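Structure record follows, encoded as structure tokens.
None of these values were measured; they are calculated from a predicted model. Start at 1 with the first residue, then count along the sequence.
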Amino acid sequence: MQVKYSSYGNYQFCYTSRGKPGNKPSVLMLHGFSAHKDMWLSVVKFLPKNLHLVCVDMPGHEGTTRSPLDDYSISGQVKRIHQFVESIGLNKKPFHLVGTSMGGNVAGVYAAQYPTDISSLTLICPAGLDYPNDSTFLKHLKGLEKSSPDDQRIPLIPSTATEMQEMLRLCSFVRFKIPQQVLQGLVDVRIPHNEFYRRLFLALVDEKSRHSLHENMGKIVAPTQIIWGKQDQVLDVSGTEVLAGSIRGCQVEILENCGHSVVMERPRKSAKLMTDFLSSLQSTENNKKHD
């Protein structure tokens, strides 16, 4: 994967890519809240070498412009990702779009709003739905809304090693034993960005964005695959029912013994599911050509 930059006006996007556009659709991958493009590396290594892959830093994250004037709502992020796509000419032909969590919310709304850009869609435990069952995290958030503003510790924005450990427990089903100094190292890297994360988080839970995917899912026409960890404590797996009820013919894959960090917990399985999904669409496409 090579690191590259592209710009749209005076806005800079940072991304990594591998391979070149070919007969198969290119693949664009959108990461989640407070992560960055490299979170996909563990999956990328299991994807076929002949796929053209692009992983972008979402607005305000890592190498992409962070501006206090930017609109970090889901619709604002969708517009930015469209600018990115245009800036590198990715939509010269329809591409496969992948997104997880916040990135899944953005990916789904993008597919609804720019249907001609998208050949197919993979949503991995996406945010932005009205979930039939509340997750551990959503219950916690609802409790926070009732508490005083000083007490509003958001579990996804840790500022101590202990909070970092709690966040990892919340996000992953597999329990990793992580030494204290490593946890401290992980949190030290995040602290300078916590103010931005807080602002972004508030934009995401605002009523304008909280149910963005829910409000747009009826307009998704691309073949869609949904992957979710059965033990997700951040966004409940009941979200699959909501999407399956609204997106025609979508394929649902529920992974046992897996939490919210599907990409980190099950990279090989995620890559295989995506590859199989793309292959099945390719063979359907080829059959149509021969009919």
Evaluate the side-chain proximity of [Y] to [X]: yes if any heavy-atom separation is below 4.5 Å, no if none is.
| X | Y | answer |
| --- | --- | --- |
| His82 | Asp117 | yes |
| Asn105 | Ser212 | yes |
| Thr100 | Val262 | no |
| Ile154 | Arg198 | yes |
| Ile220 | Leu213 | yes |
| Gln113 | Asn216 | yes |

Classify the side-chain pair [X]/[Y] by whether it contains a donor and acceptor separated by less than 3.5 Å.
| X | Y | answer |
| --- | --- | --- |
| Ser26 | His96 | no |
| Ser73 | Ser75 | yes |
| Thr122 | Gln225 | yes |
| Lys4 | Thr16 | no |
| His260 | Asp232 | yes |
| Tyr11 | Asp70 | yes |

From [atom1] ([X]) to [atom2] ([Y]), nearest 0.5 Å:
| X | Y | atom1 | atom2 | result |
| --- | --- | --- | --- | --- |
| Met102 | Ile74 | CE | CD1 | 6.5 Å |
| Ser119 | Leu278 | OG | CG | 7.5 Å |
| Thr240 | Leu129 | OG1 | CG | 9.5 Å |
| Leu183 | Gln165 | CG | CD | 5.0 Å |
| Ile247 | Leu121 | CD1 | CG | 6.5 Å |

Phe137/Asp236 under side chain to side chain contact (heavy atoms under 4.5 Å, CB included): CA gap, chis, key distance, verdict: CA-CA 9 Å; Phe137 176 64; Asp236 192 77; over 6 Å; no
So, do [X] and [Y] have ring centers that fall under 6.0 Å from each other?
| X | Y | answer |
| --- | --- | --- |
| Phe196 | His61 | yes |
| Tyr15 | Phe84 | yes |
| Tyr197 | Phe201 | no |

To check you understand the geometry: which heavy-atom pair defines the closest contact between [X] and [Y], and what is its length?
| X | Y | answer |
| --- | --- | --- |
| His31 | Met58 | NE2-N, 2.9 Å |
| Arg190 | Ser34 | NH2-OG, 3.0 Å |
| Ala111 | Ile118 | CA-CG1, 3.9 Å |
| Trp40 | Val263 | CZ3-CG2, 3.5 Å |
| Ser120 | Leu281 | CB-CD1, 3.4 Å |
| Leu204 | Gln77 | CD2-NE2, 3.8 Å |

Verify same cluster id: Leu53, Phe95 (apolar side-chain graph, 4.5 Å):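 No, Leu53 does not connect to Phe95 through the hydrophobic network.
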Linked, directly or transitively: Val187 and Met264 (ILVMFWY side chains, under 4.5 Å):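 In one cluster: no.
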Heavy atoms of other groups near Lys20 NZ, more than 12 under 6.0 Å: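 Open.
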Over 12 non-hydrogen atoms of neighbours within 6.0 angstrom of CG in Asn10: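 Not buried by this count: 12 neighbours or fewer within 6.0 Å.
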Donor-acceptor contact present, side-chain Glu265 to main-chain Gly259, <3.5 Å: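 Indeed, once roles are kept as given, a pair shorter than 3.5 Å links the two residues.
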Residues 173-181 side chain polar contacts: donor-acceptor under 3.5 Å, at least two apart:
unit_1 : atom_1 : unit_2 : atom_2 : d
Arg175 : NH1    : Arg169 : O      : 3.3
Arg175 : NH1    : Ser172 : O      : 3.1

Intermediate values then yes/no, side chain to side chain donor-acceptor pair (under 3.5 Å), Glu163 and Ser159: CA-CA 6 Å; Glu163 288 174 10; Ser159 53; 3.2 Å; yes
Less than 4.0 Å between a side-chain N and a carboxylate O, is that true for [Y] and [X]?
| X | Y | result |
| --- | --- | --- |
| Arg210 | Asp206 | no |
| Lys139 | Asp134 | no |
| Arg80 | Asp71 | no |

Trace of the side chain to side chain contact (heavy atoms under 4.5 Å, CB included) decision for Lys45 with Arg268: CA-CA 9 Å; Lys45 68 178 184 202; Arg268 189 190 295 257; over 6 Å; no
Check against side chain to side chain contact (heavy atoms under 4.5 Å, CB included), Val54 and Val27: CA-CA 6 Å; Val54 178; Val27 178; over 6 Å; no
Working for side chain to side chain contact (heavy atoms under 4.5 Å, CB included), residues Lys230 and Leu255: CA-CA 6 Å; Lys230 192 173 180 181; Leu255 307 185; over 6 Å; no
